[in-house]
Amino acid sequence: MYHTVYQQQNYLNQAFLKNYFLSGIVSLILALSSLSFLKASDYSALSLMNFIFLRYNIFFGLIPTFILVLLSTLKIRLGDTLRCQTRNVLLAQIVYLIIFNSIIITATWFLAIMIVIFLSGYFPIFLKIWAELLLRIVYFEIVILVFGFISAIFFYLTENKILTFLLVFAINCLSFILNINHQASLFYDFLALDFGSIIFSRSLILLGLLFLTDAILNLIIVKKDFL
């Protein structure tokens, strides 16, 4: 059943190629625009870390773009519930869209980051800290997924994409404000200098939130009247 759903979703993705292209272009521009920051910084691991995770680019660019593109592509096929005799297929469609959109934006962003690292001569430093960078990127990817599930929850509760964006962006703002004030923010803790000492506890909380939002979304889909 789910294999068929994913095959159909891959086919329907052709209708949203412009959306995905926009998502990729924005993430590409954000990564390349940070090059001037890298050139103006000292040649160090900290400079490279700050370049990759430039907080304002993530706050104003990557996360809002992901939310907007996800909401523009968040469509379900009700006919599948009749064929499969279960509403779980609708949840599978939504989860697919969340994961697919998150991969598009983070993969393009990371690809651009790697190009800049090669061209700027920072690759030797990258090789020294790649493990920590990988952990931070995985954490960031989970953050994006959580934002995706929260967006879907608000959308199917309110049925209003503008209101959904404002609500999710408000959560993004709150977490960002906590981070710049050196408080535990959860969604922006991958920027913390002491990330190595907090990764385990924060990751458990974040994964718990991911499964919780998935369960809440499943409950909404099961109970919601789509007619």
Checklist line | Backbone N/O of Y188 and side chain of N179: donor-acceptor pair under 3.5 Å | finding: yes
Next item on the list: With rounding to the nearest 0.5 Å, note down the distance linking CG in N57 to CD1 in I63.
Entry: 11.5 Å
Next item on the list: Please answer: with hydrophobic residues joined when any side-chain heavy atoms are less than 4.5 Å apart, are L111 and V138 in the same cluster?
Entry: no
Next item on the list: Just do the side-chain contact (heavy atoms from CB on, under 4.5 Å) check on L91 and D214 with the steps written out, would you?
Entry: CA-CA 9 Å; L91 180 65; D214 177 63; 4.3 Å; yes
Item checked: Centroid-centroid under 6.0 Å between F140 and W109 rings -> yes
Note to self: Ring centres under 6.0 Å, that's the criterion: do F100 and Y20 meet it?
What the structure shows: yes
Next item on the list: Determine whether L70 and F155 make a side-chain contact, defined as any pair of heavy atoms from C-beta on separated by less than 4.5 Å.
Entry: no
Contacts table for residues 203-213: side-chain donor-acceptor under 3.5 angstrom, sequence neighbours left out:
| from | atom 1 | to | atom 2 | distance (Å) |
| --- | --- | --- | --- | --- |
| S203 | OG | I199 | O | 2.6 |
| T213 | OG1 | L209 | O | 3.0 |
| T213 | OG1 | L210 | O | 2.8 |

Checklist line | Minimum side-chain heavy-atom gap F165-P64 below 4.5 Å | finding: yes
Checklist line | Among N172, I150, V168, side-chain contact (heavy atoms from CB on, under 4.5 Å) partner for I67 | finding: V168
Next item on the list: Report yes if some heavy atom in the side chain of I216 is under 4.5 Å from a heavy atom in the side chain of F149; otherwise report no.
Entry: no
Margin query: Determine whether a donor-acceptor pair (N or O, by modelled atom type, separation under 3.5 Å) exists between the side chain of T108 and the backbone of I105.
Written below: no
Notebook entry, point to check: Looking only at heavy atoms, which two atoms of I113 and A31 are closest? And how far apart?
Noted result: CD1-CB, 3.9 Å
Next item on the list: Determine whether more than 12 heavy atoms belonging to other residues, nucleotides or ligands lie under 6.0 Å from atom CZ of F123.
Entry: yes
Next item on the list: State yes or no: are the ring centers of F187 and F147 separated by less than 6.0 Å?
Entry: yes
Item checked: Donor-acceptor under 3.5 Å (N50 side chain, L46 main chain) -> yes
Next item on the list: Kindly indicate whether the side chain of M114, heavy atoms from C-beta on, has any atom under 4.5 Å from the side chain of F126.
Entry: yes
Check: How about S72 and N19: does a side-chain donor come under 3.5 Å of a side-chain acceptor?
Finding: yes
Notebook entry, point to check: Under 3.5 Å, is there a donor-acceptor pair between the side chain of S175 and the main chain of S185?
Noted result: yes
Notebook entry, point to check: Side chains of Y122 and S47: does their closest heavy-atom pair fall under 4.5 Å?
Noted result: yes
Notebook entry, point to check: Out of curiosity, does Y43 fall in the hydrophobic cluster containing M49 (side-chain heavy atoms, cut-off under 4.5 Å, transitive links)?
Noted result: yes
Margin query: For a quick test of reading the model, state the closest non-hydrogen atom pair linking G24 to S27 and the distance between them.
Written below: O-OG, 2.8 Å
Item checked: L17-V26 co-clustered via ILVMFWY side chain contacts under 4.5 Å -> no
Next item on the list: Can you see which heavy atom on L28 is nearest to which on A112, and at what distance?
Entry: CD1-CB, 3.3 Å
Checklist line | Min side-chain heavy-atom separation L30-L62 under 4.5 Å | finding: yes
Checklist line | Min side-chain heavy-atom separation I171-F154 under 4.5 Å | finding: yes
Next item on the list: Could you verify whether a donor N or O on one side chain and an acceptor N or O on the other, from Y96 and N101, lie under 3.5 Å apart?
Entry: no
Check: Does one hydrophobic cluster hold both Y56 and V143, with members joined at side-chain heavy-atom distances below 4.5 Å?
Finding: yes
Next item on the list: Report yes or no: do T164 and T158 form a side-chain donor-acceptor pair below 3.5 Å?
Entry: yes
Check: Between I94 and L74, what is the shortest heavy-atom contact and its length?
Finding: CG2-CD1, 4.0 Å
Note to self: Show the nearest heavy-atom pair for residues S151 and L71, with the distance to one decimal.
What the structure shows: O-CD2, 4.3 Å
Next item on the list: Check whether any side-chain heavy atom of I58 lies under 4.5 Å from a side-chain heavy atom of F190, and answer yes or no.
Entry: yes
Margin query: Could you check whether atom CG of L134 has more than 12 heavy atoms from other residues, nucleotides or ligands sitting under 6.0 Å from it?
Written below: yes
Check: Honestly curious: do I180 and F169 fall in one hydrophobic cluster under the side-chain, below-4.5 Å linking rule?
Finding: yes
Next item on the list: Mind listing the closest non-hydrogen atom pair of I104 and S23 along with its distance?
Entry: CG2-OG, 4.0 Å
Check: Which residue pairs pass the side-chain hydrogen bond (donor to acceptor under 3.5 Å, both in side chains) test with at least one member in residues 131-143, sequence neighbours excluded?
Finding: S102-E141, T106-E141, E132-R136
Item checked: Donor-acceptor pair, side chain of N181 and main chain of Q183, under 3.5 angstrom -> no
